[in-house]
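Here the structure comes first, spelled out in structure tokens, and everything after it is commentary.
Counting from 1, the numbers follow the sequence of the chain as shown. Counting starts at 1 for both ligands and their atoms, in listed order.
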Amino acid sequence: MESTNQIQGISFTTLAETYGTPAYIYDGQKIVEQVKTLKNAFSSVNLKIKYATKALSNLNVLKLLKNAGTGADAVSIEEVQLCLHAGFLPSEIMYTPNCVSFAEIQEAVALGVMINIDNIPMLEHFGNHYGKNVPICIRLNPHILAGGNAKISVGHIDSKFGISILQIKNILKVVETHHLDVIGLHIHTGSDILDADVFLKGAEILFDAARQFPDLKFLDFGGGFKVAYKPGDIATDIADVGEKVSKAFQEFCAEYGRELELWFEPGKFLVSESGFLLVSANVIKSTPACTFVGVDSGLNHLIRPMMYDAYHAVENVSQHEGPDHVYTVVGYICESDTIASDRKLKEVREGDLLVIKNAGAYGYSMSSNYNSRLRPPEVLILDGKAHLIRERETFEDILKHQVDIGL
Ligand SMILES: *Cc1c(COP(=O)(O)O)cnc(C)c1O
């Protein structure tokens with residue numbers, strides 16, 4: 001991961017002067033490049049990319065991805081509405097909810113999107129209500145333990161997601177009873193998966209299940225490609241995954257007797273590296289143990305370090321010269337709020353501009369108003385031009401939905 005102080009020719013310093021700090025900045029070109037990389041890796045099969053909206057759900061990012069040729073994966077009815085609002089066709093949207101009410105599923109059916117069913121009671125409700133009239137996808141739990149952190153490994157045996165592949169007989173019984181039209185099968189093993197073999201293992205499980213469903217149109221392998229967070233970190237070798245999974249997929253389609261669509265739902269892979277969180281150093285505080293840099297942001301804006309022990313590279317944009325010092329970068333939230341521990345940075349002075357990298361995925365979309373702090377603006381750089389795509393919140397937003405009962 002090389003050091004950067006600009007995006008498409010616009011320096012972080014200029015961006016900070018224009019939009020203030022903290023601010024989320026996204027490199028639109030990088031997002032489009034990632035789509036191309038994925039498409040190239042799977043050029044020999046009928047690939048459909050369903051961008052996992054939850055990673056970064058700004059309307060303009062959704063439109064950018066739509067223009068780049070992706071569909072979308074939505075995990076809530078609100079995300080479905082957002083994707084429709086961004087211009088995705090209902091047929092381009094996959095709705096993959098977990099533990100939602102049947103009423104919400106009915107709403108999604110009415111909107112015309114593909115429904116991915118993740119538990120047997122819901123499959124039964126669906127059968128009773130729609131029978132064979134609405135095609136569906138079924139989310140299977142392949143019982144593979146993979147992913148960078150327990151909180152993001154969702155395909156293992158204790159996970160709440162999907163219907164266990166061990167319950168395939170029960171699924172088939174419900175499908176037969178209600179003549180359900182199953183046109184897709186889905187797995188999503190987790191996030192930060194490195195190895196082509198994990199995807200291949202998932203593929204084999206999916207193929208096995210698929211042999212029992214004669215009317216399939218697609219197989220959906222979920223998301224979870226790992227991106228490089230640390231310098232020298234290895235990312236998923238997409239070309240390698242593409243080659244191996246495509247080959248296995250083609251062999252399966254030949255056996256199945258028909259060419260199916262191969263779906264992926266990447267979130268992180270498409271948007272993580274595009275994102276930068278710009279912050280200012282408020283305080284440099286030396287203790288007998290270490291030197292803290294306190295910045296004007298925290299887990300209210302980027303919760304990944306505290307929630308997933310995620311590593312985000314940090315650089316001091318304001319200083320290029322001199323030796324490195326070791327710092328622990330912390331936020332301003334009243335809570336242990338470490339963004340980065342024991343990092344080498346050029347000497348940090350009060351007011352210096354720092355950049356936190358890989359902040360595109362699960363950054364803004366997981367942000368909150370904790371400590372009654374305002375959420376930062378979002379800025380998208382396209383064709384060398386910066387566009388404000390979300391305003392910084394104001395104190396009005398903190399009060400907005402509060403009801404003063406006149407005490
Ligand atoms: C979150 C999620 C994804 C995206 O995962 P990434 O690790 O960001 O690629 C894909 N599919 C489903 C169903 C998800 O819940």
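Aromatic ring centres of H312 and Y229: separated by under 6.0 Å. The aromatic ring centroids of F225 and F199 lie less than 6.0 Å from each other.
Under the 4.0 angstrom criterion for non-hydrogen atoms, P266 is in contact with ligand 1.
Among F218, F221, Y51, the one residue that satisfies the ring-ring contact (aromatic ring centres under 6.0 Å, His included) test with F264 is F221.
Of the protein's non-hydrogen atoms, E265 OE1, 3.4 Å is the one closest to atom 13 (C) of ligand 1. Protein heavy atom in closest approach to atom 7 (O) of ligand 1: S191 OG, 2.3 Å. With respect to atom 9 (O) of ligand 1, the closest heavy atom belonging to the protein is G224 N, 2.8 Å. Counting only heavy atoms of the protein, atom 14 (C) of ligand 1 lies nearest to K54 NZ, 2.8 Å.
Around the CD atom of Q6, the shell of radius 6.0 Å holds more than 12 heavy atoms that belong to other residues, nucleotides or ligands.
Residues L219 and F207 are in side-chain contact: their nearest non-hydrogen atoms beyond the backbone lie under 4.5 Å apart.
With a 4.0 Å heavy-atom cut-off, ligand 1 is reached by no atom of A55. Residue Y362 touches ligand 1 through its side chain alone, judged by heavy-atom distances below 4.0 Å. Counting heavy atoms closer than 4.0 Å to ligand 1, residue H188 contributes side-chain atoms (C-beta onward) but none from N, CA, C or O.
Polar contact check, G267 against ligand 1: a nitrogen or oxygen pair lies under 3.5 Å apart. Polar contact check, T96 against ligand 1: no nitrogen or oxygen pair lies under 3.5 Å apart. In terms of polar-atom proximity, defined here as any N/O pair under 3.5 Å, K268 does make such a contact with ligand 1.
Using cut-offs of 30° and 60° for the angle between ring planes, the Y130 and F126 rings count as tilted.
Remark: the backbone N or O of H301 is paired with a side-chain donor or acceptor of Y24 at under 3.5 angstrom.
Side-chain polar atoms of T96 and D73 form a donor-acceptor pair below 3.5 angstrom.
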